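Here the structure is laid out as structure tokens; the discussion comes afterwards.
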Amino acid sequence: MRKITIFGGLLLCFFGACQKEQPEDPKNYFESPELSVGFVTDPVTDTVTAGLNNRYLFTQIVPVAVDSQISTSTFADVSCPEGNCAGSLRFEFQGFFADSTAFGPGFYDYKSNSVATGYNGTFSVQNPGLYDNFLLSLNSTLILEGPDTSTTLPFDNFVPLDIQLSAFSSNGLASTISRRIDPLNPARYPTVGIKTAFVNGGYQLIAQASQGTPPLFYQWNTGESTAVIFTDTVPQSAYSVIVIDSIGNTARAALDGVQQLSALSSATLNFSTNFTPPGFFNKVTLQWVDAQGVIWRSDRAAQPMDSFFQIVRSTAYDANENGLPTQKKQVAFQCALFNTAGQSRPFSGQGVIAVAHQ
């Protein structure tokens, strides 16, 4: 196997010459059949290569939260796949990993172990196809207006939120849903949307309700109390339904302009939410174990201002031993590593690794 020589450029990192730019001659790294990383951390200069010196590159994905996973790429002895043995080097990528686009070329922040006091809330419109304009209000404050269907906001506490989403179409169709959301328990309160269908010359309106504490009860503005109601061929313009769960929590959906719908159209409007700690996704952590078995990590304290992690190039690669697809990635990095005593050491390098995704 061909050994990659990269240390001349790496040593410059410790004299302020390492900048956020693509390393020289990336072709040599990327087209090599080796998966190998060279690094410098005073006084150590080393190269880890899969297939040499009884080392292997272990790749795996570990779920850590809803919609969040950590994909690890670990150079370690074949008897130490967890990467906690002397000489091991591990890259941890935390993100969604839904497909091969996860962690494409670009610069990424290092993850910190600081505890977030708040969270980010992402609100996304579901089934927006019938509508072309949206209004989203949070606790009676407008947070989204126009054709956009998603927004993300920071919050400093976890109190329940009152949300109203209204959607409009140029043909006169309008829909509104109102509900309460608990960031710590999104299923605590009920949710409802109205689905329509053309049946036997008239319209069928279906209250699609879920969550909350069952059983659920229905109150239509027509006076009916079933989940499904029927209208005449030319229905009245506005319908609304309130869903009440067994402990009194409510959600409301309204539909105006039903006659504008075609026979096969569905008017269902709803929104999804996702709550995560700030800065939770698309972060990188490096871990290196020194000759004495001391574990050094990049996420134990704040990084220096000149730290960076770059994915220079990325392409499809072979499946790993578990059958998961992987991406071959050329990386360059500069950061500080910390032990549990709070001591730090500079860490810089570059090379080619494999990262698993789903």
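Keep in mind that the numbers below use all heavy atoms, side chains included, and drop hydrogens, waters and symmetry copies. The shown structure was predicted, so the numbers you read here are calculated from the model rather than taken from an experiment.
Aromatic pair F91/F333: ring centres closer than 6.0 Å.
A distance of 4.5 Å separates NE2 in H357 from CD in Q327, rounded to the nearest 0.5 Å. Within the model, atoms CG of L161 and CZ of R179 stand 10.5 Å from one another, a figure rounded to the nearest 0.5 Å. Taking CG of L52 as the start and OG of S36 as the end, the distance is 7.5 Å to the nearest 0.5 Å. Atoms NZ and CG, from K328 and L35 in turn, are 6.5 Å apart once rounded to the nearest 0.5 Å. How far OG of S240 is from CG of L205: 10.5 Å, rounded to the nearest 0.5 Å. Atom NZ of residue K283 and atom CZ of residue F103 lie 9.5 Å apart, to the nearest 0.5 angstrom.
Nearest heavy atom pair, residue D245 against residue P190, reads OD2-CD, 3.9 Å. The nearest pair of heavy atoms linking I194 to Y239 is CD1-O, 4.1 Å. Nearest heavy-atom pair across V289 and G83 is CG2-O, 3.6 Å. Across every non-hydrogen atom of S246 and F217, the tightest pair is CA-CE1, 4.4 Å. Among all heavy-atom pairs drawn from Y317 and A354, the shortest one is CD2-CB, 4.1 Å. The nearest pair of heavy atoms linking G212 to P214 is O-CD, 3.5 Å.
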Practice item. Before giving the answer on side chain to side chain donor-acceptor pair (under 3.5 Å), spell out for T226 and E224 the whole-Å C-alpha distance, their side-chain angles and the decisive distance to 0.1 Å. Key: CA-CA 6 Å; T226 56; E224 294 165 280; 5.2 Å; no
Exercise for review: Would you please test D148 and F134 for side-chain contact (heavy atoms from CB on, under 4.5 Å) and show each step?
Suggested key: CA-CA 7 Å; D148 293 337; F134 304 92; over 6 Å; no
Exercise for review: List the steps, then state whether side-chain contact (heavy atoms from CB on, under 4.5 Å) holds for V352 with E34.
Suggested key: CA-CA 8 Å; V352 176; E34 296 177 346; over 6 Å; no
Point to revise | Working for side-chain contact (heavy atoms from CB on, under 4.5 Å), residues L255 and L173 | key: CA-CA 8 Å; L255 185 61; L173 182 66; 3.8 Å; yes
Practice item. Any chance you could lay out the side-chain contact (heavy atoms from CB on, under 4.5 Å) test for F93 and I311, step after step, and finish with the verdict? Key: CA-CA 11 Å; F93 299 86; I311 295 177; 4.2 Å; yes
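Under the 4.5 Å side-chain criterion, counting only non-hydrogen atoms from C-beta, I206 is in contact with Q204. Taking the side chain as every heavy atom from C-beta outward, R188 and P160 approach each other to under 4.5 Å. D162 places none of its side-chain heavy atoms less than 4.5 Å from the side chain of S140. Residues Y189 and I181 have side chains not in contact (no heavy-atom distance under 4.5 Å, counting atoms from C-beta outward). Side-chain contact check for N249 versus R180: every heavy-atom pair is 4.5 Å or farther apart. With a 4.5 Å cut-off on side-chain heavy atoms, F123 and L144 do not count as touching. By the 4.5 Å heavy-atom criterion applied to side chains, Q164 and S166 are counted as neighbours. Contact annotation: the side chain of T72 never approaches that of F58 to less than 4.5 Å [non-hydrogen atoms, C-beta and beyond].
The backbone N or O of F338 lies less than 3.5 Å from a partner atom in the side chain of R300, making a donor-acceptor pair. Side-chain N or O atoms of S298 include one that pairs as donor or acceptor with a backbone N or O of L286 at under 3.5 Å. Not one N or O on the side chain of T59 forms a donor-acceptor pair closer than 3.5 Å with the backbone of S73. In this structure, the side chain of S348 does not engage the main chain of V40 through any donor-acceptor pair within 3.5 Å. Side-chain N or O atoms of N322 include none that pairs as donor or acceptor with a backbone N or O of L324 at under 3.5 Å. A distance-only check finds a donor-acceptor pair linking the side chain of S175 to the backbone of A254 [under 3.5 Å]. Here the side chain of S314 pairs no donor or acceptor atom with the backbone of K329 at under 3.5 angstrom.
The closest side-chain donor-acceptor pair between R90 and Q287 falls under 3.5 angstrom.
Around atom CD of Q219, no more than 12 heavy atoms belonging to other residues, nucleotides or ligands sit under 6.0 Å away.
Transitive grouping of hydrophobic side chains (ILVMFWY, heavy atoms separated by less than 4.5 Å) keeps I242 and I229 in distinct clusters. L135 and I177 fall into different hydrophobic clusters, where Ile, Leu, Val, Met, Phe, Trp and Tyr side chains are chained together by heavy-atom contacts under 4.5 Å. Hydrophobic clustering (ILVMFWY, side-chain heavy atoms < 4.5 Å, transitive): L142 and F168 are in one cluster. Taken together through direct or relayed side-chain contacts under 4.5 Å among Ile, Leu, Val, Met, Phe, Trp and Tyr, Y56 and F75 form parts of separate hydrophobic clusters. V294 and F39 fall within the same hydrophobic cluster, where Ile, Leu, Val, Met, Phe, Trp and Tyr residues are linked whenever their side-chain heavy atoms come under 4.5 Å apart, directly or through other members.
Considering V48, I295, V44 as possible partners of W288, the one that fulfils the side chain to side chain contact (heavy atoms under 4.5 Å, CB included) test is V44. A side-chain hydrogen bond (donor to acceptor under 3.5 Å, both in side chains) with R345 holds for exactly one of D42, T41, N339; it is T41.
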